[in-house]
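Data first, discussion second: the structure below is written as structure tokens.
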Amino acid sequence: MKTYKILTVKNPEDAESAMNEMARQGWAVKAVTHWETISGHRLMVTFEKDA
């Protein structure tokens with residue numbers, strides 16, 4: 001069984017930091033989605049790991 005976690009970040013630097021921290025905890029990046037909002041750009045990073 002897999003477990004998933006989603007984080008939303010504001011820029012690529014925050015995404016990189018979050019991905020490195022989650023990798024240290026055993027999570028792998030499953031998907032990255034980009035979208036634009038009124039207040040700016042956002043990245044949603046979906047992580048996966050075995051439960």
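What you see is a predicted model; the values in this text were computed from it and never measured.
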Item to check | Set of residues satisfying salt bridge (charged side-chain N to carboxylate O under 4.0 Å, His left out) with respect to Lys49, sequence neighbours excluded | outcome: none

Item to check | Residue pairs passing the ring pair (Phe, Tyr, Trp, His ring centres under 6.0 Å) test where at least one lies in residues 12-51, sequence neighbours excluded | outcome: His34-His41

Next on the checklist: I want to check something: taking the side chain as every heavy atom from C-beta on, are Glu48 and Thr3 in contact at a cut-off of under 4.5 Å?
Outcome noted: no

Checklist entry - Honestly curious: do Val32 and Tyr4 fall in one hydrophobic cluster under the side-chain, below-4.5 Å linking rule? => result no

Checklist entry - Can you tell me how far CG of Asp50 sits from CE of Met1, rounded to the nearest 0.5 angstrom? => result 10.5 Å

Checklist entry - Distance from Leu43 atom CG to Asn11 atom CG, nearest 0.5 Å? => result 8.0 Å

Contacts under 3.5 angstrom, residues 18-25 side chains, donor-acceptor by atom type, not counting sequence neighbours:
from: Asn20; atom 1: ND2; to: Glu16; atom 2: O; distance (Å): 3.3
from: Glu21; atom 1: OE1; to: Arg24; atom 2: NE; distance (Å): 3.4
from: Glu21; atom 1: OE1; to: Arg24; atom 2: NH2; distance (Å): 3.2
from: Glu21; atom 1: OE2; to: Gln25; atom 2: NE2; distance (Å): 2.9

Item to check | Heavy-atom closest pair, residues Ile6 and Thr46 | outcome: CG1-OG1, 3.9 Å

Checklist entry - Who else is in Ile38's hydrophobic cluster (ILVMFWY, side-chain heavy atoms under 4.5 Å, direct or via others)? => result none

Item to check | side chain to side chain donor-acceptor pair (under 3.5 Å) against Ser39, all qualifying residues, sequence neighbours excluded | outcome: Thr37, Arg42

